[in-house]
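For reference, the structure is listed below as structure tokens.
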Amino acid sequence: MTIALYDTRTRRKRDFEPANPKEVTMYLCGPTVYSYAHIGNFRPAVVFDLLFRVLHQQYGSEHVVYARNITDVDDKINAAAAEQNVDISVITDKFTKIYREDSSALGILPPSLEPTATGHIEQMIALISRLLATGHAYQAEGHVLFSVNSFDGYGKLSGRDLKDMLAGARVEIASYKQDPADFVLWKPSGANEPSWDSPFGPGRPGWHTECSAMIEHNLGTTIDIHAGGQDLIFPHHENEIAQSMCAHDNVPLARFWMHNGFLDLGSEKMSKSLGNVKLVHDLLKQWPGEVLRFALLSAHYRSPLEWTAELLQRTQTVLNRYYGTLRRLADVAADEQTAPSGLIAALHDDLNTPQAMAKLSTLFKQANQATELADKQRLKGQILASGQLLGLLAHDPESWFKQDGSADTLSAREIDELVAARLSARKNKDWVEADRLRQQLNELKIIVEDGPDGSIWRRG
RNA sequence: GGCCCUGUGGCGGAGUGGUGACGCUGGGGAUUGCAAAUCCUCCUACCCCGGUUCGAUUCCGGGCGGGGCCUCCA
């Protein structure tokens, strides 16, 4: 089944064919680790994790190389380190660890490679030297700058014209630039800022240079897919292209450019109960990571998505329904199955997650309708395979409903006892006592469901 | 000022040149001691104005509205 992906450069959906099916290469601009990441930072991480999973399925996991970098040299990191009077590594180590924990909670697989900027200074210096030697870069006042006029293709990815951009320039132009659009490859470090020796003097790399050097070193000169948020199209990716192509005899940097749309995090649209909580670190105190992941995938990745408490609540409702089905099918042995072809086709169509979710929903409806064991076994197998592809439904259904978020509630054992007491009251047709016990549990946000084989409960 | 994206039912959100995805909410029914869960069922759309067409929500043009980018923000 062919995979079609929307390519920003050509502004079209195109059939995806890797240059080498034995080694599909993908790069995502990862986080700058200076603070807690907010949910918007994770949209690309989740979306392209899904693409990673889809590519795994299509080409085999051993044939997909996915690099997501860690930017650990940056002004904001320096500022945080200075403020706390610590070495930048204290900041970057801490937030790299937290980023990985948040990622794991969101069901994001570890990428094949996680290169760091500080681990590639040597490669950056080599890249800059090559650009200087070929006349694509120049030195001025301790800086090394890339000369955009030396590259014909500048602006092609973003569809911009250099002349047009000047009109809207809103930042003061540094005096050392030959052209206002020239960008920094290397800059001098201030006192107490991290600094590396180089042929162009001590200093640190510019942001764009990091990604070009890490891609070149880890994945090669031309990769299959380069991904990131829409805001990176210009200037970041435009600059990466300029640097890499000029350093590589005009060989393209990436065959497909993919960009996710933004979350609408407008605080005025947030309800009171959600407040202004946007950090994943905080959201995870209130919602299972899987709810966040499901919500992020509920809209197509290129569309904007309004991030609200209502969205999360609705998502929780749906997941509860799904886990309820799986809970009822707990004793059914799932068949070896793959995800249904319609669901795979939806994902292969430029990651059409809403359509894939619709197929998943149909699967659950069928599973709820099924009366024959063979149907249940087949559907459960398809559901679990779909869940694995989407990075969802990985929890044990029983614990999904019974894990308690807050401390001031009953233990599972205490609840079991109350439910058992209610069951015996029901056997004696003592409806008053049974209803009293159910009411008591309801007040503690425990919902009891009576079935033919007794009662089950869940936290609501 | 330039460039890009976008406007679907009470809400979220796909898709299509002609039989109104999917989910949430709401109404009715089955089931239940009553509920819950589940199933069945019903209601509510395609921003406005032109054009193309036998036929447009879908294509084209214009208008109005929303969002994003324009030097280091996913």
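Model, not experiment: these values are computed from the prediction. Every chain is numbered from 1 and lettered A, B, ... according to where its sequence line falls, protein lines coming before strand lines. What's counted below: heavy atoms across the whole structure, side chains too, no hydrogens, waters or symmetry copies.
Residue order along RNA chain B, read from the 5' end via each residue's closest nucleotide, puts A/L311 first among A/P31 and A/L311.
Checking the phosphate oxygens (OP1, OP2) of B/rC40, a side-chain nitrogen or oxygen of A/Q369 falls inside 4.0 Å. Considering only side-chain N and O atoms, A/R321 lies under 4.0 angstrom from the phosphate OP1 or OP2 of B/rC39. Note on A/K359: every side-chain N or O is 4.0 Å or more away from OP1 and OP2 of B/rA14. Applying the 4.0 Å criterion to OP1 and OP2 of B/rA14, one finds that A/S303 has a side-chain N or O inside that range. Considering only side-chain N and O atoms, A/S158 lies nowhere under 4.0 angstrom from the phosphate OP1 or OP2 of B/rC3.
As judged by a 4.0 angstrom heavy-atom cut-off over every strand, A/H38 is placed among the base-contacting residues. If you check every strand for non-hydrogen atoms under 4.0 Å, A/R328 touches sugar and phosphate atoms only. Within 4.0 Å of A/R302, counting heavy atoms only, lies no atom of the nucleic acid at all. Across all strands, A/D435 comes closer than 4.0 Å to base atoms (heavy-atom distances). Within 4.0 Å (heavy atoms only), A/G40 reaches at least one base atom of the nucleic acid.
Put simply, the side chain of A/D450 and the base of B/rC34 share a donor and an acceptor less than 3.5 Å apart.
Between the side chains of A/Q243 and A/N239, no donor N or O sits under 3.5 Å from an acceptor N or O.
A/W257 places its CH2 atom 16 Å from the C1' atom of B/rC69, with the value rounded to the nearest Å. Distance, A/N368 CG to B/rA37 C1': 9 Å, rounded to whole Å. Following rounding to the nearest Å, A/K76 (NZ) and B/rU71 (C1') show an atom-to-atom distance of 13 Å. Rounded to a whole Å, the CG atom of A/L297 is 18 Å from the P atom of B/rG23.
Comparing B/rG23 with B/rG15, their C1' atoms are spaced 15 Å from each other, to the whole Å. For the C1' atoms, the distance from B/rC11 to B/rG18 is 29 Å, rounded to whole Å.
Enclosure of atom CD in A/E433 by more than 12 non-hydrogen atoms of other residues, nucleotides or ligands within 6.0 angstrom is indicated. Other residues, nucleotides and ligands contribute over 12 non-hydrogen atoms within 6.0 Å of the CD atom of A/Q439.
Under 4.0 Å is where a charged nitrogen must lie from a carboxylate oxygen, and between A/D331 and A/K376 no such pair does. With respect to A/E238 and A/R160, no salt bridge is recorded, no charged nitrogen being found less than 4.0 Å from a carboxylate O.
For A/Q440, the side chain to side chain contact (heavy atoms under 4.5 Å, CB included) criterion is met by A/L418, A/R436, A/L437, not counting sequence neighbours.
In this structure, A/H208 and A/H236 have tilted ring planes: the angle between them lies in the 30° to 60° band.
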- Where does RNA chain B pair, written as one dot-bracket string 5' to 3', with Watson-Crick or G-U pairs under 3.5 Å, ( ) inside the strand, [ ] for crossing pairs and | for another strand? (((((((..(((.....[...))).(((((.......)))))....(((((..]....))))))))))))....
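Interatomic distance, A/F183 CZ to A/Y154 OH, rounded to the nearest 0.5 Å: 5.5 Å.
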